[in-house]
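Within every chain, numbering begins at 1; the chains are lettered A, B, ... in the order of the sequence lines, protein sequences first and strands thereafter. Note that these values count all heavy atoms, side chains included, but never hydrogens, waters or copies made by symmetry.
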2 protein chains.
Amino acid sequence: MAEMNEIFHRHLKSTGNKITSQRNLILKVFLGAEGHVSAEEIYQRAKVEDQTPGFTTVYRTLKLLVECGIARGEKFNDGHTRYEYDYQQQHHDHLICIGCGLVVEFYNEFIEREQDRVTREFGVETTHHTLKIFGNCRTCREIDRKATVG
Amino acid sequence: MAEMNEIFHRHLKSTGNKITSQRNLILKVFLGAEGHVSAEEIYQRAKVEDQTPGFTTVYRTLKLLVECGIARGEKFNDGHTRYEYDYQQQHHDHLICIGCGLVVEFYNEFIEREQDRVTREFGVETTHHTLKIFGNCRTCREIDRKATVG
DNA sequence: CTAAATGCAAACCATTTGCAACGGA
DNA sequence: TCCGTTGCAAATGGTTTGCATTTAG
């Protein structure tokens with residue numbers, strides 16, 4: 001995580017940008033959050049800390065983090081963009097519980113290979129893909145069951 | 001397509017709604033469009049015809065079409081929701097050209113089965129999934145090549 | 001000192017809603 | 001006639017931008 005600071009600062013300097021306390025805080029909050037955070041969540045978590053960057057700065061800083069390969073933004077179906085850690089991460093897909101919003105990452109070699117086959121078949125040169133599987137996790141099914149029975 | 005009219009009208013009646021010229025026109029335009037249309041596109045295409053439903057009515061009618069199983073809405077990454085025909089259609093995934101926006105539908109039994117295996121492994125009961133593969137189609141690669149060479 | 005950063009307010013853009021006029025059944 | 005529909009205008013919600021003020025280098 002200390003290295004992420006370095007990577008971020010290097011990126012800022014090389015593009016003529018400045019290192020600021022807000023940017024440092026947002027990076028720290030982003031790295032400290034597990035998994036998939038929205039700009040709103042970063043904003044709320046940052047508020048707890050010493051300083052309070054505005055929404056504008058959160059959005060602008062997340063864009064910088066995406067630029068330097070630390071974060072990756074993905075639009076989820078609730079209309080919010082979620083940001084996830086992406087530094088030297090292997091590609092993965094998402095399994096999402098529609099009950100509690102839990103997001104599980106997975107990687108499946110077979111699915112990846114089969115996708116390549118499909119795209120070749122259609123003469124398309126793949127750049128990237130997103131696979132999201134929606135369903136109910138064990139916990140949420142248990143809660144549903146109790147609610148129905150009770 | 002005449003049967004879609006019937007299905008739509010039956011749905012309207014059974015829910016205490018009324019059959020109007022705007023609703024009929026929007027259904028007609030939707031069925032006449034190939035593939036994946038946005039509300040905007042429906043609105044534009046309807047304008048050409050005799051009457052001109054407002055944006056509001058287009059959105060409200062598309063919601064009705066989704067309700068009765070004729071259409072299905074899916075958020076694409078440009079922020080627009082696209083609607084596609086969904087009456088007794090088999091599930092399918094999408095291959096999208098980032099150059100020209102071409103959308104190809106495909107179905108791959110192997111990928112479907114492998115997805116089921118993954119979800120079972122994580123104890124999740126799947127409800128649905130979306131797989132979008134992005135890339136460049138032959139035509140767009142050809143155009144790119146010429147632009148680079150020329 | 002000076003160009004970049006911040007953050008408020010206002011703008012955006014797709015979609016939704018309030019409401020008064022309109023139109024099927 | 002009567003309740004649902006229409007469509008304008010205004011609201012919404014996530015995200016971006018203009019601009020005057022502040023700050024890093």
Rounded to the Å, how far apart are [X] [atom1] and [N] [atom2]?
{"X": "B:E74", "N": "C:dT15", "atom1": "CD", "atom2": "P", "answer": "13 Å"}
{"X": "B:E41", "N": "C:dT15", "atom1": "CD", "atom2": "P", "answer": "11 Å"}
{"X": "B:R10", "N": "C:dA25", "atom1": "CZ", "atom2": "C1'", "answer": "19 Å"}
{"X": "A:L62", "N": "C:dA5", "atom1": "CG", "atom2": "C1'", "answer": "16 Å"}
{"X": "B:K63", "N": "D:dT5", "atom1": "NZ", "atom2": "C1'", "answer": "15 Å"}
{"X": "B:K75", "N": "C:dT15", "atom1": "NZ", "atom2": "P", "answer": "8 Å"}
{"X": "A:L12", "N": "D:dT23", "atom1": "CG", "atom2": "C1'", "answer": "15 Å"}
{"X": "A:H9", "N": "D:dG25", "atom1": "NE2", "atom2": "P", "answer": "9 Å"}

When we call it a touch if two heavy atoms are under 4.0 Å apart, what does [X] touch: a base, just sugar-phosphate, or nothing?
{"X": "A:R23", "value": "sugar-phosphate"}
{"X": "B:T81", "value": "sugar-phosphate"}
{"X": "A:E40", "value": "nothing"}

Nucleotide nearest [X] (side chain, heavy atoms from C-beta), chosen from [options]:
{"X": "A:Y59", "options": "D:dG7, C:dA4, D:dT16", "value": "D:dT16"}
{"X": "A:A39", "options": "D:dA9, D:dT15, C:dG7", "value": "D:dT15"}
{"X": "B:T57", "options": "D:dT16, C:dA25, D:dT6", "value": "D:dT6"}
{"X": "A:T56", "options": "D:dT17, D:dG14, C:dG18", "value": "D:dT17"}
{"X": "A:N17", "options": "C:dA5, D:dT17, D:dG4", "value": "C:dA5"}
{"X": "B:K18", "options": "C:dT6, D:dG4, D:dT6", "value": "D:dG4"}

Establish, yes or no, whether a centroid distance under 6.0 Å links the rings of B:H94 and B:H92.
yes
For the rings on B:H128 and B:H91, is their centre-to-centre separation under 6.0 Å?
no
Phosphate OP1/OP2 of D:dA24 contacted by A:Q22 side-chain N/O (<4.0 Å):
no
Is any side-chain nitrogen or oxygen of B:T20 closer than 4.0 Å to OP1 or OP2 of D:dT6?
yes
Distance-only donor-acceptor test, B:R60 side-chain atoms vs D:dG7 base atoms, 3.5 Å
yes
Need to verify one output field. Residue with the more 5' nearest nucleotide on DNA chain C, B:R82 or A:F55?
A:F55
Residue mapping more 5' on DNA chain C - nearest nucleotide basis, B:H80 or B:I19:
B:H80
Could you tell me whether the side chain of B:D93 reaches within less than 4.5 Å of the side chain of B:I133, counting heavy atoms only?
no
Between B:R72 and B:V66, is there a side-chain heavy-atom distance shorter than 4.5 Å?
no
Of B:Y43 and B:G16, the one whose nearest nucleotide on DNA chain D sits closer to the 5' end is B:G16
Please identify which of these residues, B:H36, B:E84, B:R82, meets the side chain to side chain contact (heavy atoms under 4.5 Å, CB included) condition with B:E74.
B:E84
Distance-only side-chain donor-acceptor flag, A:Q89 / A:Y87, under 3.5 Å
no
